[in-house]
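Notes for the one structure printed next.
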Amino acid sequence: MPETLAPQPSCSCPDTEHPQYQELEAFIISLPQKKGHLVTVLHKAQSLFGYLPREVQQFVASHMDESLATVYGVVSFYTFFTMVPRGKHPISVCLGTACFVKNAGAVVDAFEKELGINVGDVTADGLFSIDTVRCVGACGLAPIVLVGEKVFGNVTPSQVTKIIAEFSSSRSVA
Amino acid sequence: MNPINSYTELLRFQANCAAAMTELNKNTQINVSLATCSIAAGARETYAAIQDELQQQSLSDVTLRSSGCMCFCYAEPTVEIFRPGAAPLIFGGVDADKARHLVQTYVKQGDLDSEIPLSPSPKLLRIATANCGEINPENIEEYIARQGYLALGKCLFEMQPQEVILEITNAGLRGRGGGGFSTGRKWQFAAVNEEKTKHVVCNADEGDPGAFMDRAILEGDPHTVIEAMAINAYAIGAALGTFYIRAEYPLAIARLEIAIAAAREHGLLGKNILGSGFDFDIEIKFGAGAFVCGEETALIHSMEGKRGEPTSKPPFPSESGYWNKPTTVNNVETFASVAPIIRNGSSWFNAIGTESSKGTKVFALAGKIKNVGLVEVPMGTTLREVIFDIGGGLEEGKQFKAVQTGGPSGGALTAENLDVAIDYDSLIACGSMMGSGGMIVMDDDDCMVAIAKFFTEFTMDETCGKCTPCRIGSKRLYEILDRITNGVAEMEDLDKLRSLGGVIKDTALCGLGQSMPNPILSTLKNFEAEYRAHIEKSECPTRTCKNLLDYVIDANKCVGCSLCARVCPVTAIHGTVKQPYVIDIDVCIKCGICIDKCRFDAILKQ
């Protein structure tokens, strides 16, 4: 059942010598087959680049023997994939039902006001971005906020300043 | 580790693992829950504190272990302590300090010293979640010690595929993802197909907001699902299985990867399983944040690397699914009942539950309830028992208003329905549905119009866009609800909601669209007065809809401490210290931080 395919890079994307492109190419080559693995590859690409700009989509299209239109159609369908960069500390506020009834909407408003940006945007210094997610399944601690991989539970609007401060201090270390 | 390559060897290996656990049970054991919620609540710090305290107290014969979710989500971090000769006790809220105290008192001396353990309800019956919180999910031997993989061995060596299907059918197992279709019949459709290549899929997308049963099972007992998929594959003649798991569950993904590798290492997955000649292996594919991919045809297309758009049924996946081959798609919780059924027999399972709905159901109880968590009870348990007995009821002073079951596809049940015996058919008769098991409790502070709008906004965001009724209909429904919550609707908007909702139910392509109007139609039926108040009086009776209320400081209660003004993110509050402050309602964004901080209850929503 698995097929091995010889690598045939044929595009002229810029910076394909860049280590992230090389790692992505190696990942594609390591797949048992290309067929059926487009979403898997896009997950890998986003984990390497942080987002999926046109150039990365073009690279994936060429290496997966798909058209750019097909790749774009898949990227634009799934909310997990983003074509704009996220912040260094991406903030995700859960808006699942359990969090919603515990006033998660007010938590979103508080983050927007504190950071001066709207949901979907990144701060000018690139440190924070705000997104909403639909249920991470930790309803026992609603409302939930994720900053990167760190999970905060029972979050109220008045805790927002402290949460942001915890990650702002990393600015001097970065 | 050499692969186990016969049934006899498996039985012997299982006996050895069980004996090892019995040996372990001769000493005191401490078990710390390490699932997503536990870790978020600080369980890793709890574990480290226990480890350190055991060393400080020189308690070298005490075993420290970890497990998945114990299902007491409201009390995380949870720790179970077993002293030989006594029943195991579970403690909640165990932070590092409490952990050290428990080691010094109960662990060392058997003295509880004012610590009060949790008391699990006797109404719980754990079959699908039996191992959750009991075993280390990253150690296959603990699963095998509790009869893990014996069901697979029994199928491969003592049963024909048709006998396996008959057992599952006779047990009465129905799909736990929400569809409620007979699992045995679904397997049978795929089994009789003459195609040589077939597939088994586990739907681990769990897209319903407020549902976390599958996450707990995958994080706490991944092997039960793997074993069931192998049994499913044997029954229908498949050689490949796929987990389709949502990307939002990183810990579950990690534990699955460990479990699959361990199963392969032990000869329980791969070629010639247990020397039986049966080949079966599993791959993992990830979701990418699309609720519609919980629908089986959309899920299959997503697995194929495409946009997750559903297609009409028939053909059903059991006839033509993954790469157009016969495919069975089953939910995590459905799979978690399979091995117990094979081990204990269909009559055992059949004896639990109601006439139409056998076995148990895991509910994710959340919202305005004291004991948020997972509740596994026999079908036929009443809503009252789940919410008030097991769930502990609502917070002090709050009245029960409604419970939403079935997520965005379901409806709101009221106090009138509390004594309904929960099963697939009874919930539909009440205007809702079982769904995947999410149960959100609401109190008198919740605006049912806002809840309907929330669910509609969700489905409007999640519609795949393929069919007009859902793509455009969801937006039109949302616009009407938005007008209502902003106080600019008219009474005929209620008629529009009913008629448009009915049209969408009849004409949408897939289950997402067909069930999307349910929250609106059910809240309109049970809470029409609330809708009318929004329209006729531009009032939100529960003071929830922001544009219909103002935040106002009560001058009689305000002492002028100025705390609210200092925390207001938009500087909307002004005044002089020791005089009542005033909120500028044109600037106020109604975030509620001032209400949170006010120590004198002086700020009201009007």
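Nothing here was measured: the structure is a model prediction, and the numbers come from that model. Chain letters run A, B, ... following the sequence lines, proteins first, then strands; residues in each count from 1.
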Q. In terms of the angle between their ring planes, are B/F454 and A/F100 parallel, tilted or perpendicular, with boundaries placed at 30° and 60°?
A.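 If you compare the ring of B/F454 with that of A/F100, the planes turn out parallel.
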Given heavy-atom pairs under 4.5 angstrom as the criterion, report whether the side chain, backbone, both or neither of [X] touches chain A.
X      : result
B/C464 : both
B/E462 : side chain
B/D208 : backbone
B/K306 : backbone
B/S302 : both
B/F286 : both

Return a table of donor-acceptor pairs under 3.5 angstrom between the side chains of residues 40-52 of chain A and protein atoms on other chains or two or more places apart.
from: A/H43; atom 1: NE2; to: B/G287; atom 2: O; distance (Å): 2.8
from: A/Q46; atom 1: OE1; to: A/T82; atom 2: N; distance (Å): 3.0
from: A/Q46; atom 1: NE2; to: A/F80; atom 2: O; distance (Å): 2.9
from: A/S47; atom 1: OG; to: A/K44; atom 2: O; distance (Å): 2.7

Q.
Tell me which pairs pass salt bridge (Lys or Arg N to Asp or Glu O under 4.0 Å) where either residue lies in residues 68-78 of chain B, with sequence neighbours left out.
A.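 Salt bridge (Lys or Arg N to Asp or Glu O under 4.0 Å) check on residues 68-78 of chain B returns no pairs.
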(Q) So which residue, A/A138, A/C99, A/C139, ends up with the most heavy-atom pairs under 4.5 Å with chain B? (A)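 The residue among A/A138, A/C99, A/C139 with the greatest pair count is A/C139.
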Q | Over-ring placement of B/R246 relative to B/Y249, 6.0 Å and 45° cut-offs | A |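 Yes, a cation-pi geometry.
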Q.
With a sphere of 6.0 Å drawn around CZ of A/F27, does it hold more than 12 non-hydrogen atoms of other residues, nucleotides or ligands?
A.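 Check passes, neighbour count above 12.
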